[in-house]
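The structure appears right after this line, and notes come after that.
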There are 2 protein chains.
Amino acid sequence: MAVSIGDVATAAGVAPSTVSRALHGRPGVSEEVRTQIARVAADLGYTASRSAASLASGRTWTVGVIAPYVGRWFFGEVLDSAEEVLSAAGFDVLLYNVGSPAARKRFFERMPLRKRVDGVLSLLLPTEAEALALRSLGVPLSLVVGGPRPGFTTVGIDDRRGAELAVRHLVNLGHRRIGMIGTTAAAPLNWTTPSERRAGYLQVLHEARIAPDPRLDVDGRYTVKGGEQAMTALLATRQPPTAVFAQSDEMAMGALRALRLHRLRCPEDVSVVGFDDHELAEVVGLTTVAQPVAKQGAAAARLLLDQLAAPEPTAGGYVQMPISLVLRESTAPPRPQPA
Amino acid sequence: MAVSIGDVATAAGVAPSTVSRALHGRPGVSEEVRTQIARVAADLGYTASRSAASLASGRTWTVGVIAPYVGRWFFGEVLDSAEEVLSAAGFDVLLYNVGSPAARKRFFERMPLRKRVDGVLSLLLPTEAEALALRSLGVPLSLVVGGPRPGFTTVGIDDRRGAELAVRHLVNLGHRRIGMIGTTAAAPLNWTTPSERRAGYLQVLHEARIAPDPRLDVDGRYTVKGGEQAMTALLATRQPPTAVFAQSDEMAMGALRALRLHRLRCPEDVSVVGFDDHELAEVVGLTTVAQPVAKQGAAAARLLLDQLAAPEPTAGGYVQMPISLVLRESTAPPRPQPA
DNA sequence: TCCCGTTGCGCAAGCGCTTGCGTTGAGCTC
DNA sequence: GAGCTCAACGCAAGCGCTTGCGCAACGGGA
C-alpha cells in the first residue's frame, strides 16, 4: 500500500539513490533516466516519507509558527499571509496556538519544535527566558511584533508614533479630555505594544499641556467585550472624556457599542479612534491608525526564508512597516461645553 | 549539541531501548531506573526526534488541518478551538491554507500530507475527487462543514433550517419583499452552504406565498465588501427590498455599510438579518442566526481524536450542532408603504 | 594506442528512534 | 535444591530515506 523509494527504484530498474537524486533534480542522472523515474514515480503515486527524508538529511522543510489567539483578526490575517509565502516556498507550517498562559508555559517548557522545524516565526513577543529557549533550537527566528532583538529578525511598526498620530488628531480637533482604552495586563506576556501606545498617548498629552488623568486610562483587555466595559467605565466617571483612543479596533468597536447602549452618539457626543484598520473598521466608520497587517506576515515569512536559504544564517535585522491615520466618521470636534 | 537517545542511555547506564520505554511510560522498566532516566533526560535537555520516532513507529502525532482563509472570522475561530483540543491531546497541527483555487489544486495534486499525518481535519468541503484523494491517505478524516459523508466524520449545522429561521422572522414581521445576499460562485469549491441557505430562503417564501424575484437574489461573495456591493445593487433595483437576508454576518455588515452610505436607516428603512453570530454582530446590533463556531471546531477535533484512539477506526457519523435566531436591532416591521 | 577526466550510476553506511525477542537473575513452588 | 515463572533489561533489526564514495564505461587528447 505505501509505496516506498525502493519500489520506484525496482520498477524503474535503478537504485534507490538514483531515484532520490532524480526526484530532487540533483546532478548525476542522465536526462532519460530522470524522466523515466519521474514517470514511474507518478504512476505509482509515490510520495517520499518526510520523516525518513528529514531523518536522513537533517532538513525538515517545516517551519513552526507560534501565535496567540488565531481567532483574533490581527493574528489570523498575519498567519494567513505568512502561510501563503511559506507554503509557496515548499515549507509546511506547524501551528502552535499558545494563547493562555498555561499553554504558553507548557509550550516553552516542552519545546516541541526541537528537531522538528527549520525555522520559527513567532507572532508573540518572547520573554528573555523564552527567547533563550527559542535560540537554543539553533534555527533562524523571525518575529512579527516588537522591535529589534538579538538573534531574531523582526518586522513591526512604530507603535508609539501610531498612538501619537491618533491622539494628536483628537487634540487637533479640540479635545482636551481624552481617554484611553488599553491594557495593563500585558506585562506577564511581555507584550510591549500596550505600553508603547500608552507612551505615545502620554507624549501627545504632554505636548498639548494636558494633565493626564489616570482615571481615563482604562483596561479593555484588547477584546471587544473588554472595550465595551472599559467605555462603560469611562462614561461612569465624574467627568467623562469627550474623546477616546482605543489601542485596538476591536476595543474601539466595543466602545462604540457601549456608546450606543448609553444612547450617546459617535462622534457627536464622544469621538473614538482605534488602531489596526480592522476589516470592519470601515464598516462602522471608525477612524483608526492603519497598519499593513497581511504585509507584515508576508514580510516576516520572507525574511525567514532568506535566512533559511542563506548559507551563513545572518540573524538580526528589523524592518519597520509604515502606518497612517485613516480618517472616517467616528471623530469630530467636541461639542461646545455647556457654560 | 543535539543530544540523542543514545547519549541519554550511556549517561544513565542503560540501553537506548530502555530509555525509549521509560520515557514513554511503557512497562518493563523498574521504577528506580525510570526516574533515573527521566532525571538524566531532563538534565541533558533531551527531546526525541520526531522524524526518527515516526519513521520507526509509523505514528506521526500530527494532524493536518486544511482550511481556506484563516483570516476569515469563522475559520480562525474554528482553527483556534480545534488546535486547542488537538494540542492538549499531544498532537501537532500542520496547517494548510488552501483558499485560492490554485493553491487548492496544487494541494490536492501533491497531497503533501501523505505519510505525514495521523489524521486530517478539513474546514473545506472536498469534491468527490478530493475526497478520494483524502481517503487514499488511509487516516481518519474529520469535516467541519457539510453533511454526512462516507469515510468522514463530520460536524455541521442545518444550514437550510437556519436560513428558514432568518427569513421566517422577516416574514413574520410583515415583510413581503425580501432580498438575499449569498453567492453563486460556490459550485467550483463544492461548497453547499450557499445553496442550502438559498433553499431555506425559497422555502419560506413559498410557504408565505411570496413569488421569488431573481433580481433580489444577489452575490456578495461572502465578504464584507461583496456584501456592500450586493446591497448597493439591491438598492438600485426598480423596487428595492424592505428586508434582506445575508447568508453571513460579514456580508450583512457590508450591507449595513451600504445602507449608511445611502443614508438609509436600519431597521427603519431596511431590515437586515445575518448568519453566524460573528463576534462583532453584537457590536453593530445585527439580528442573526447563531451557530456555535468554536464548539464545532472542538467537536470535530475530538471526534478525530476518538478515531485516532480507537483500535478499529470507525469512520462516518454526523454531529449536528444547534442553531438559533438572535434578535437584535437590525430588524423591524416594514414601514407602511406610501399609498 | 594508452591514459586520464567525466559522466552516470550503484553500494552501503548511516540518520535516531521503536519493538520483537532473547537473556538474565531473582523469587517462588514442591 | 531443582525447576519454574516472570519482571527487567539488552540486542539488533529495521523504518525509508540521503549522500559520500567507488567503480564502470565512455570519449577525447597526446
Worksheet item: So which nucleotide from D:dG10, D:dG16, D:dT18 ends up closest to the side chain of B:Ala15?
Response: D:dG10

Worksheet item: Looking for any heavy atom pair under 4.0 Å, which part of the strands does B:Ser17 touch: base, sugar-phosphate only, or nothing?
Response: base

Worksheet, complete the sentence: Nearest heavy-atom contact between B:Gly119 and B:Val139 is CA-CG2, 3.8 Å

Worksheet item: Nearest nucleotide by nearest heavy atom, which residue falls closer to the 5' end of DNA chain D, A:Ser49 or B:Gly28?
Response: B:Gly28

Worksheet item: Counting side-chain heavy atoms from C-beta on, which of C:dT19, D:dT19, C:dC17 comes nearest to B:Arg26?
Response: C:dT19

Practice prompt. Let me know the distance between CZ of B:Arg34 and P of D:dC9, rounded to the nearest Å.
Written response: 9 Å

Discussion item. Starting the side chain at C-beta, find the nucleotide from C:dG8, C:dT19, C:dG16 nearest to B:Ser57.
Written reply: C:dT19

Practice prompt. Please state whether the phosphate of D:dG10, meaning OP1 or OP2, lies under 4.0 angstrom from any side-chain nitrogen or oxygen of B:Thr18.
Written response: yes

Discussion item. Distance check needed: C:dG20 P versus B:His24 NE2, whole Å only.
Written reply: 13 Å

Worksheet item: Quick one: do A:Asp92 and A:Arg50 make a salt bridge, cutoff under 4.0 Å?
Response: yes

Worksheet item: Between the base of C:dG10 and the side chain of A:Arg21, is there any donor-acceptor pair under 3.5 Å?
Response: yes

Discussion item. What verdict does the side-chain contact (heavy atoms from CB on, under 4.5 Å) test give for B:Asp118 and B:Thr62, after you've listed the backbone C-alpha separation in whole Å, the side-chain angles of each residue and the deciding distance to 0.1 Å?
Written reply: CA-CA 6 Å; B:Asp118 291 342; B:Thr62 96; over 6 Å; no

Worksheet item: To the nearest Å, how far apart are A:Asp7 CG and D:dC17 P?
Response: 9 Å

Practice prompt. Identify which nucleotide among C:dC11, C:dT18, D:dC17 has an atom closest to any side-chain atom of B:Ala53, counting heavy atoms from C-beta outward.
Written response: C:dT18

Worksheet item: Please give, in whole Å, the distance from C:dG8 C1' to A:Gln36 CD?
Response: 15 Å

Worksheet entry | Residues B:Arg72 and A:Glu77 bridged, charged N to O under 4.0 Å | no

Worksheet, complete the sentence: Side-chain atoms of A:Val14 come closest, of D:dC11, D:dC9, C:dG10, to C:dG10

Fill in: Rounded distance (Å) that lies between atom P of C:dT18 and atom CG of A:Leu55
12 Å

